[in-house]
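As structure tokens, the structure follows; a few thoughts come after it.
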Amino acid sequence: MDLFDQKGIQPMLISEQVEPYDDDGSIFELKLDGCRCIAYLNGNGVDLRNKRDRRLLCQFPELEHIHQNCHGKCILDGELIVPVKGKPDFYQLQKRTLATNPFKIKLAASRSPAAFVAYDILYLNGKQLTELPLLERKELLTKTVTECQQFSVSRYIEKQGKALFEMAKQQELEGVVGKKMSSLYWFGKRTKEWQKVKWMKDEEFICIGYIPKEQGMTSLVLAKYDGKGRLQVITHVTLGVSRMKLKEGGVREGRCRLEQIPDGHEHAVWLEPVVCTIEYMPSDREGYRQPVFKGFREDKMPEECRI
């Protein structure tokens, strides 16, 4: 069966996060704060699907005509975003992907229209392009798409990843992706030929306990002291956490130091308070988006962590 008709494409994945870098053999483009999306476009319409192959057009009906800006039958890899005040707003995107009421979806689409930003082309007019080098695919992508407000092609620069990252930081964007110019496209594979450099912040919290989760996961309960000297739960962190790290950090079980146990914390294992650092992506709406545990701090006292 033709690749276009099969659907179900698993996009190529980016390797682990790295520090900002320059590289003569790479291009660099902005990492957009949206939803990875595969777009199947032909003369009959558009089919947008996320990484789990779930159809998205019902939640984003304002994109149903973008196929009219394509010259040919194609499959594109890109990012679905909801721009607000000129920048992708993940909170608005998340609300749309979970929406089911047609009236509310239509209203949201009129207030904050979504956009699709293409950064790769995988198929064109019956031919699979994944074995072509990235720069050749980029050239074909530019020739295939006529840009409009809701449908564009990702811009990139060559070699100068550090400069682009500094610009992304200044604009408070998510970060940068570096890709080898010669890289091929491997469905569903995670490759070091694509690397992400994200803009993150650090902050200290008091770890006061943890909640055991399914599949051996552990969620740390993070708190700070308020102006009256009372401990208040601020957030949780699961990424980067393991029982081994708790053991290595010398964390000891203790008693609950909260005046009242919040809902959902009934099965928490309480610890002796200890300061730890988390890394997160700044977000006006979510506060601590995608927090990652970095480690414990022996050089700070819990009393130093205040709201």
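- Comment: R96 engages E62 in a salt bridge, judged by a side-chain N to carboxylate O separation of less than 4.0 angstrom.
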- Output, in order, the C-alpha distance, side-chain angles, deciding distance and verdict of side chain to side chain contact (heavy atoms under 4.5 Å, CB included) for R36 and E79. CA-CA 5 Å; R36 189 76 176 274; E79 200 84 4; 4.0 Å; yes

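- Residue I261 comes nearest to E266 through the heavy atom pair CG2-N, 4.4 Å, listed as atom of the first residue, atom of the second, then distance.
- Taking every heavy atom of both residues into account, W199 and L173 meet most closely at CE3-O, 3.6 Å.
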- Pair R289-D33, side chain to side chain contact (heavy atoms under 4.5 Å, CB included): steps then yes or no: CA-CA 11 Å; R289 183 164 175 249; D33 201 3; 2.4 Å; yes

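- For the pair D23/Q195, no side-chain contact is recorded, criterion being any heavy-atom separation below 4.5 Å from C-beta on.
- Under the 3.5 Å distance criterion, the side-chain polar atoms of Y225 are left unmatched by any main-chain donor or acceptor of K228.
- By the criterion of side-chain heavy atoms lying less than 4.5 angstrom apart, applied directly or through intervening Ile, Leu, Val, Met, Phe, Trp or Tyr residues, I81 is not grouped with L76; the two fall into different hydrophobic clusters.
- At a threshold of 4.5 Å between non-hydrogen side-chain atoms, the residues L129 and E136 do not count as touching.
- Between F4 and Y40, the ring-plane angle classifies as perpendicular under the 30° and 60° cut-offs.
- L56 is not listed as a side-chain neighbour of F116, based on a closest heavy-atom distance of 4.5 Å or more.
- In K245, the NZ atom is crowded: over 12 heavy atoms of neighbouring residues, nucleotides or ligands sit closer than 6.0 Å.
- Each of Y21, F165, Y156, Y119 was scored for a ring pair (Phe, Tyr, Trp, His ring centres under 6.0 Å) with F28, with one residue passing: Y21.
- Residue D299 qualifies as enclosed at atom CG: its count of foreign heavy atoms under 6.0 Å is above 12.
- Looking at heavy atoms from C-beta onward, L107 lies in side-chain contact with S110 at the 4.5 angstrom threshold.
- Panel note: side chain S182, backbone P133; no donor-acceptor pair is recorded below 3.5 Å.
- Both L164 and V18 belong to a single network of hydrophobic side chains, linked directly or stepwise wherever heavy atoms of I, L, V, M, F, W or Y lie under 4.5 Å apart.
- Summarising the local packing, CD of Q6 is surrounded by more than 12 heavy atoms from other residues, nucleotides or ligands at distances under 6.0 Å.
- Across all non-hydrogen atoms, the minimal contact from P262 to L258 is CD-CD1, 3.7 Å.
- Taking a 6.0 Å sphere around CH2 of W270, one finds it holds more than 12 heavy atoms contributed by other residues, nucleotides or ligands.
- The shortest distance between side-chain heavy atoms of I27 and K179 falls below 4.5 Å.
- Around CD of E19, the count of heavy atoms belonging to other residues, nucleotides or ligands within 6.0 Å does not exceed 12.
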- Query: Do K138 and V153 pass the side chain to side chain contact (heavy atoms under 4.5 Å, CB included) test, and can you show the C-alpha distance, the side-chain angles, and the key distance before you say yes or no?
  - Reply: CA-CA 9 Å; K138 287 283 193 183; V153 173; 5.9 Å; no

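- Nearest approach of V233 to H265, heavy atoms of both residues: CG1-NE2, 4.2 Å.
- Considering only heavy atoms from C-beta on, R54 comes within 4.5 Å of Q59 through its side chain.
- With rounding to the nearest 0.5 angstrom, the SG atom of C148 is 7.5 Å from the CD1 atom of I66.
- Cluster membership check: V275 does not share its hydrophobic cluster with I234, using side-chain heavy-atom separations under 4.5 Å among Ile, Leu, Val, Met, Phe, Trp and Tyr.
- Here the closest heavy-atom approach between residue L32 and residue P88 is recorded as CD2-CG, 4.4 Å.
- When atom types are taken as modelled, the side chain of D89 and the backbone of P83 share no donor-acceptor pair closer than 3.5 angstrom.
- In this structure, D22 contributes its side chain and G161 its backbone to a donor-acceptor pair below 3.5 Å.
- Checked for salt-bridge contact, R155 and E147 meet the test: a charged N lies under 4.0 Å from a carboxylate O.
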- Would R297 and E304 satisfy salt bridge (Lys or Arg N to Asp or Glu O under 4.0 Å), going step by step from the backbone distance to the final call? CA-CA 12 Å; R297 302 247 347 219; E304 297 179 63; over 6 Å; no

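- Both V274 and F293 belong to a single network of hydrophobic side chains, linked directly or stepwise wherever heavy atoms of I, L, V, M, F, W or Y lie under 4.5 Å apart.
- Between the N69 side chain and the V145 main chain, no donor and acceptor come within less than 3.5 Å of each other.
- Enclosure of atom NZ in K7 by more than 12 non-hydrogen atoms of other residues, nucleotides or ligands within 6.0 angstrom is indicated.
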- Checking side chain to side chain contact (heavy atoms under 4.5 Å, CB included) for the pair L271/C207: CA distance, chi angles, key distance, verdict? CA-CA 8 Å; L271 304 171; C207 175; 3.9 Å; yes

- Task: Please lay out, stage by stage, how E166 and K162 fare under the test salt bridge (Lys or Arg N to Asp or Glu O under 4.0 Å).
- Result: CA-CA 6 Å; E166 285 304 314; K162 291 181 180 178; over 6 Å; no

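- The number of heavy atoms from other shown groups lying within 6.0 Å of CZ (R230) is above 12.
- Seen from the ring of Y185, R137 does not count as a face-on cation partner, given the 6.0 Å and 45° thresholds.
- Within the 4.5 Å cutoff, the side chain of E203 has no heavy atoms near those of the T277 side chain.
- With a 6.0 Å radius and a threshold of 12 heavy atoms from other residues, nucleotides or ligands, Q160 has its CD atom at or below the threshold.
- In this structure, I208 is not a member of the same hydrophobic cluster as V251, with clusters built from ILVMFWY side-chain heavy atoms closer than 4.5 Å.
- With contacts defined as side-chain heavy-atom distances shorter than 4.5 Å, the pair K31/V176 does not qualify.
- Between the side chains of S112 and Q92, no donor N or O sits under 3.5 Å from an acceptor N or O.
- Ring geometry, F205 versus Y288: the interplanar angle exceeds 60°, so the pair is classed perpendicular (tilted spans 30 to 60°).
- With I38 as the fixed residue, the side-chain contact (heavy atoms from CB on, under 4.5 Å) test singles out one of D53, I75, L48: I75.
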- Applying salt bridge (Lys or Arg N to Asp or Glu O under 4.0 Å), run through E272 and R252 and close with a yes or a no. CA-CA 6 Å; E272 290 294 326; R252 301 185 304 274; 5.2 Å; no

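- For the pair N125 and G72, the tightest heavy-atom approach, listed with the atom from each and the gap, is OD1-CA, 3.3 Å.
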